[in-house]
Amino acid sequence: MDAVLDDPHTRIVVCCGSGGVGKTTTAAALGLRAAERGRRVVVLTVDPARRLAQSMGLTELDNTPRPVAGVEGPGELHAMMLDMKRTFDEIIEAHADPERARQILTNPFYQSLSSSFSGTQEYMAMEKLGQLRRSDEWDLIIVDTPPSRSALDFLDAPERLGRFLDGRLIRILMAPAKAGGRSAFKLLNAGFGLVAGAMTKILGAQFLKDIQTFVAALDAVFGGFRQRAEQTYRLLQAPGTAFLVVAAPERDAMREASYFVERLAEESMPLAGLVINRVHRSSAPSLSAARSTAAAEDLESRGEHELTAAVLRLHAGRMQLAAREHREQEHFASAHPTVPIAEVLAMPEDVHDLAGLREIGELLAS
């Protein structure tokens, strides 16, 4: 990992994987390590939890990068948490005159779209990444991808939302909206699903008018959303980007990691390696689970040393868990023999400060 973090040509690191595997903590630990090794880093998280803010000693995170105090090294560390709606608003404000922007931002349909449309969070994460990269204020951006049902949503979202907001689709929507009638509702319900259906019931005829106003205003501002999505996608494929797949040593998480590695290869995305979090090891590996269990049974049968017997059973359980995790890693390694793997041992407690992040960073680099 140090080779990746120290390379001045590496400008973006994307931490991805299924939910609950430690992406946020990994991103924060990498950001701290890179800063302490001399880089000017910003960590962008889209996790709604506040773990990142707490571990970095910040009272809050928002859409503005905030400096992190306590970095022991020549670099700088900033952190921010994606505000999905605020990022969408910034796009409108940047591409519209004040009056046109006001029309869009106050439109009821826009307010629903910017906060609940499927894929908006993932797309806005990529939009914010593009903004950070274009500003050239940081020489390393580390992205913690959204906690979604599938890690693949992060790759698909820019194209999906880009297609939706593309100028041609907007013009298709405009035609029935201008004409009015049931065809507009039929098309809208097919395209927007539950969101449009629910809003139609609440707003009635006003909903159609809101759609027409929103589409007319947005189309006049910028119809090239697909082009922006393609630019973002190319940024992910660029040599200065490194994807880091994060997984737990469990069957489902490792299967998702394997699938994601294959998808990255298909899309020509640069893969740095796999991080396996919360790996269990024993300090007495020479004592097997079977021998430990047998010794515990012997002590229990004689009614002696109950505490020692309990410790032996705990050790047996840990050895069995470590064996299962090792098998899952072996399955992955046999399927992807060229992918570098870093392990992070399970910590006795949750990471809640810079010292904990620093320890994880050392494990990642060891």
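Here the closest heavy-atom approach between residue C16 and residue T145 is recorded as CA-OG1, 3.4 Å. Of all non-hydrogen atoms in C15 and I142, the two that sit nearest each other are SG-CG2, 4.3 Å. When every heavy atom of I92 is checked against every heavy atom of A101, the shortest pair comes out as CG2-CA, 4.0 Å. Heavy atoms only, all atoms of each residue included: A34 and V41 are closest at CB-CG2, 3.8 Å. When all heavy atoms of L312 and A295 are compared, the closest pair comes out as CD1-CB, 3.8 Å. The shortest heavy-atom contact between N63 and M80 is O-CE, 3.1 Å.
Distance alone, capped at 3.5 Å, is enough to place a donor-acceptor pair between the R39 side chain and the L5 backbone. In this structure, E300 contributes its side chain and A309 its backbone to no donor-acceptor pair below 3.5 Å. At least one donor-acceptor pair closer than 3.5 Å links the side chain of N277 to the backbone N or O of V21. No side-chain donor-acceptor contact under 3.5 Å links S258 to the backbone of M254. Between the D83 side chain and the D62 main chain, no donor and acceptor come within less than 3.5 Å of each other. A donor-acceptor distance shorter than 3.5 angstrom exists from the side chain of R318 to the backbone of R281, with no hydrogens or angles considered.
The ring pair (Phe, Tyr, Trp, His ring centres under 6.0 Å) check on H78 picks up W138, with sequence neighbours excluded. Shown here are the side-chain hydrogen bond (donor to acceptor under 3.5 Å, both in side chains) partners of D89, two or more places apart in sequence or in another chain: K85, Y110.
For the atom pair I141 CD1 and T10 OG1, the distance stands at 12.0 Å (nearest 0.5 Å). For the atom pair CZ of R278 and CE of M347, the computed distance is 12.0 Å after rounding to the nearest 0.5 Å. Rounded to the nearest 0.5 angstrom, T45 OG1 and L82 CG are separated by 9.0 Å. Rounding to the nearest 0.5 angstrom, the gap separating the NZ atom in K128 from the OG1 atom in T87 is 4.5 Å. The CZ atom of R102 sits 10.5 Å away from atom CG of N107, with the distance rounded to the nearest 0.5 Å. Taking CG of L354 as the reference point, atom CD of E359 lies at 13.0 Å (rounded to 0.5 Å).
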Indicate every side-chain donor-acceptor pair of residues 234-249 with a distance under 3.5 Å to a residue at least two apart or in another chain.
{"unit_1": "Q237", "atom_1": "NE2", "unit_2": "E267", "atom_2": "O", "d": "2.7"}
{"unit_1": "T241", "atom_1": "OG1", "unit_2": "L235", "atom_2": "O", "d": "2.8"}

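The shortest side-chain heavy-atom distance between E76 and P67 does not fall under the 4.5 Å cut-off. At least one side-chain heavy atom of R313 sits less than 4.5 Å from a side-chain heavy atom of E297. Between L32 and M56 the shortest side-chain heavy-atom distance does not fall below 4.5 Å. Side-chain contact check for E328 versus I276: every heavy-atom pair is 4.5 Å or farther apart. Looking at heavy atoms from C-beta onward, M1 lies out of side-chain contact with R33 at the 4.5 angstrom threshold. By the 4.5 Å heavy-atom criterion applied to side chains, T26 and I360 are not counted as neighbours. Looking at L274 and V261, their side chains never come closer than 4.5 Å, going by heavy atoms from C-beta outward. Using a 4.5 Å heavy-atom cutoff, the side chains of R11 and D136 are in contact.
Heavy-atom contacts from other residues, nucleotides or ligands closer than 6.0 Å to CZ of R251 number 12 or fewer. The environment of CD in E306 is sparse: at most 12 heavy-atom neighbours from other residues, nucleotides or ligands sit within 6.0 Å.
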Pair Q329, V279 - check side chain to side chain contact (heavy atoms under 4.5 Å, CB included), show working.
CA-CA 10 Å; Q329 292 187 43; V279 175; 4.1 Å; yes

Hey, mind stepping through E262 and H336 against side chain to side chain contact (heavy atoms under 4.5 Å, CB included) and telling me if it holds?
CA-CA 9 Å; E262 293 166 3; H336 308 284; 3.5 Å; yes

Might you work through the side chain to side chain donor-acceptor pair (under 3.5 Å) test for S18 and D252, ending with a clear yes or no?
CA-CA 9 Å; S18 55; D252 289 345; over 6 Å; no

Derivation of the salt bridge (charged side-chain N to carboxylate O under 4.0 Å, His left out) call for R86 and E93
CA-CA 10 Å; R86 182 64 205 137; E93 292 165 353; 3.0 Å; yes

Checking R263 against M269 for the side chain to side chain contact (heavy atoms under 4.5 Å, CB included) test, could you report, in this order, the C-alpha distance in whole Å, the side-chain angles of both residues, the deciding distance, and whether it holds?
CA-CA 8 Å; R263 173 68 188 275; M269 302 286 182; over 6 Å; no

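Hydrophobic clustering of Ile, Leu, Val, Met, Phe, Trp and Tyr side chains at less than 4.5 Å, counting indirect connections, keeps L321 apart from F332. Residues L299 and M319 do not share a hydrophobic cluster, clusters being chains of Ile/Leu/Val/Met/Phe/Trp/Tyr side chains in contact below 4.5 Å.
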